[in-house]
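Side-chain atoms are counted along with the backbone in the values below, which use heavy atoms only and exclude waters and symmetry mates.
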Amino acid sequence: MLLLPPSLVPASPMPKLSHIYNFSVSMSVSSPSLCRFSNPIPSIRPLLLSHHFSSLSTPPTKLRSLLSISLQSSFRSSHFEIRASHSDTIQTSQTKAFVVAEDERFGNKQVISITPQLYNYILSNTREPEILRELREETATMRGSQMQVSPDQAQLLAMLVQILGAKRCIEVGVYTGYSSLAVALVLPGFGQLVAIERDAKCLEIAKRYYQRAGVSHKVDVKHALAVDALKSLILNGEACSYDFAFVDAEKRMYSEYFELLLQLVRVGGVIVIDNVLWHGKVADPLLNDPKTVSIRNFNKDLFEDKRVSISMVPIGDGIMICRKN
């Protein structure tokens, strides 16, 4: 990472940044390394060589204190769009080729950046049953709605269940039931999904939608702490009897959840772990808060764990697909 040198800093003042909806930057990159701009938002004026605003809105109460822009090194002049979301996170996306990485060590493979425009295209090609759409829209009005998986992610989970021919599944962390409903909809009539959630209020919403979708008979709802519920299943003699498990719960408990699920899932069964990219924080060595460190260590442990075959997939907030060997 290279820090933008002070010599490139324009002296002219810049309007105080508020909520940016469309902001573009053009600059030349001559270094083979990636450039990283890092400056406090109140003094953001030093960051840009050229800029324009198309619209501004009421400033949020707090803007993220660091602006980080990564430019592809192989482009002498690249055009980027910068957007600030309602969460005050500023992100970048290349508007032309969408290429964000070329690494000779991997055969100069070009990697696609999922821009808002491209993601909208992905969603337009995602098959979302009407009942799931209704649940998603209801959940979107609730506090913590970002915990719900995305439609394309739910579609992938359902497809994995179908590919496996799964009959018995577990979900750790149900929230309002979007992902568990997606799974239950594709299970055979005699299939079973154990849905574990500690929040009774969220479970009531999930159960209402299970009922509306006609899958209540497939879902065994457990209002309990995940570790307790999983240990209970093991003590009940259900080890190695499940085909599929999905985990989207307390991040610092991932290792314990995984060890218990590894006992419950059969050989050849699949365990999917959500949020393994953790908003990109796992790749930033400067970020070492407890949850980020926990997920980073968990990913490292999985990479070295020969009991499972793994694939990290950058869908949603990143999932790790583990097949029990």
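- A donor-acceptor contact shorter than 3.5 Å links the side chain of Thr126 to the backbone of Ile122.
- Ion pairing between a basic and an acidic side chain is recognised when a charged N comes within 4.0 Å of a carboxylate O; Glu259 and Arg307 show such pairing.
- Salt bridge annotation for Glu304-Lys300: present, with a cationic side-chain nitrogen under 4.0 angstrom from a carboxylate oxygen.
- Between Asp199 and Lys201 no salt bridge is recorded (no basic side-chain N to carboxylate O distance below 4.0 Å).
- Looking at Asp274 and Gln153, their side chains do bring a donor and an acceptor atom within 3.5 Å of each other.
- Atoms CG and OG, from Asp289 and Ser294 in turn, are 10.0 Å apart once rounded to the nearest 0.5 Å.
- In this structure, Tyr257 has no ring pair (Phe, Tyr, Trp, His ring centres under 6.0 Å) partners at least two apart in sequence or on a different chain.
- Considering CD of Gln155 and CD of Glu128, their distance stands at 9.5 Å, rounded to 0.5 Å.
- Two residues are said to be in side-chain contact when any heavy atoms from C-beta on lie closer than 4.5 Å; Lys207 and His223 fail this criterion.
- The existence of a salt bridge linking Glu130 and Arg212 is excluded, since no basic side-chain nitrogen approaches an acidic carboxylate oxygen closer than 4.0 Å.
- Few gaps surround CZ on Arg208; more than 12 heavy atoms of other groups in view lie less than 6.0 Å from it.
- Note that the CG atom of Asp220 and the CD atom of Glu171 stand 13.0 Å from one another [nearest 0.5 Å].
- Leu123 CG to Asp152 CG: the interatomic distance, rounded to the nearest 0.5 Å, is 5.5 Å.
- Qualifying salt bridge (Lys or Arg N to Asp or Glu O under 4.0 Å) partners for Asp243, counting only residues two or more places apart in sequence or in other chains: Arg266.
- Within a 6.0 Å sphere centred on OH of Tyr119, other residues, nucleotides and ligands contribute more than 12 heavy atoms.
- Looking only at atom types and distance, the side chain of Thr176 has a donor-acceptor partner in the side chain of Thr139 under 3.5 Å away.
- Clustering of Ile, Leu, Val, Met, Phe, Trp and Tyr by side-chain heavy atoms under 4.5 Å joins Ile163 with Met159.
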